[in-house]
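Here is the structure we will look at.
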Amino acid sequence: MAFLSVAGLAACSDDERDDATSMAVSGWYGSYVVTIAFFFMVGLTACSNEGGDWEPMDWKTDVKMEKKHSVSVPMEGGTYLFSCRNYSFWFYALQEYGVNVELEYDDVHHIHGEWVAADVENDVLVVTISPNDTGKQRAATVGVTAGDVFDSFTFNQGCQ
């Protein structure tokens, strides 16, 4: 289409341009420049990382995990530390027995349920599991986020 427009302008151009021809050429040129600038900006925006490909959270811990982010907790309970190497983060979810615990969002760095408490301190997740005296196995999941990247840890606690 641009070729046809250029060819049309070349056919109209001569040394004795009237005002209408000059306006058509300058109008076409201005539209062409604006169009190229628009597509250039769209191309630059499309290459940005905003709202797109976030790296997964990178965790450092001494906690032994059965599978990805699944921790076996003894009946006596315990405290577990996980350090995030690449993001500052906060909580988005806590589940106990598969049921969401209602979070109060006035402080997204401290959450607690009936038997799970978790804190974020200097990019370190600290999860404390209370002793299990229910006589039943139980599980809890703590969910964290850093905006458009999410992760979670599941704690499976045995009983006697």
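Note that this is a predicted model, so its numbers are computed, not measured.
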Derivation of the side-chain contact (heavy atoms from CB on, under 4.5 Å) call for Trp115 and Gln157: CA-CA 11 Å; Trp115 51 279; Gln157 188 174 30; 3.8 Å; yes

Please step through side-chain contact (heavy atoms from CB on, under 4.5 Å) for the pair Thr145 and Phe89, ending with a clear verdict. CA-CA 5 Å; Thr145 183; Phe89 61 95; over 6 Å; no

Determine, step by step, whether Ile111 and Val142 satisfy the side-chain contact (heavy atoms from CB on, under 4.5 Å) criterion, reporting the C-alpha distance in whole Å, the side-chain angles of both residues, the deciding distance to 0.1 Å, and the verdict. CA-CA 9 Å; Ile111 59 173; Val142 175; 4.3 Å; yes

Step by step, work out the side-chain contact (heavy atoms from CB on, under 4.5 Å) result for Val127 and Val116. CA-CA 7 Å; Val127 179; Val116 176; 4.2 Å; yes

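Counting heavy atoms from C-beta outward, Val126 and Thr79 have side chains that approach closer than 4.5 Å.
Partners of Phe153 by ring-ring contact (aromatic ring centres under 6.0 Å, His included), not counting sequence neighbours, listed by chain and number: Trp59, His69, Phe82. Applying the side-chain contact (heavy atoms from CB on, under 4.5 Å) criterion to Pro74, with sequence neighbours excluded, gives Glu76, Tyr80. Considering only residues two or more places apart in sequence or on other chains, Thr61 meets the side chain to side chain donor-acceptor pair (under 3.5 Å) condition with none of them. The side-chain contact (heavy atoms from CB on, under 4.5 Å) test applied to Asn156 returns Glu66, Ser70, Ala139, Thr154, not counting sequence neighbours. A search for side-chain contact (heavy atoms from CB on, under 4.5 Å) contacts involving Ala117 returns His112, not counting sequence neighbours. Applying the side chain to side chain donor-acceptor pair (under 3.5 Å) criterion to Glu96, with sequence neighbours excluded, gives no partner residue.
Expressed to the nearest 0.5 Å, how far OG of Ser83 lies from CG of Asp58 amounts to 9.0 Å. Taking CG of Asn132 as the start and CD of Gln137 as the end, the distance is 8.5 Å to the nearest 0.5 Å. The distance from the CE atom of Met57 to the CG atom of Leu125 is 9.5 Å, given to the nearest 0.5 Å. Residue Asp123 holds its CG atom at 3.5 Å from OG of Ser88, rounded to the nearest 0.5 Å. Atom NE2 of His109 and atom CD of Glu121 lie 10.5 Å apart (nearest 0.5 Å).
Between the side chain of Asn100 and the main chain of Gln95, no donor-acceptor pair closer than 3.5 Å is present. Between the Asn86 side chain and the Pro56 main chain, a donor and an acceptor come within less than 3.5 Å of each other.
Residues Gly135 and Cys159 come closest through the heavy atom pair O-SG, 3.5 Å. Closest non-hydrogen pair, Trp90 versus Ala146, comes out as CH2-C, 3.6 Å. Closest approach of Gly113 and Val101 over heavy atoms only: CA-CG1, 4.3 Å.
One hydrophobic cluster, built from ILVMFWY side chains closer than 4.5 Å, holds both Leu103 and Tyr97. Side-chain heavy atoms closer than 4.5 Å link hydrophobic residues (I, L, V, M, F, W, Y) into clusters, and following such links, possibly through other members, connects Trp54 to Val144.
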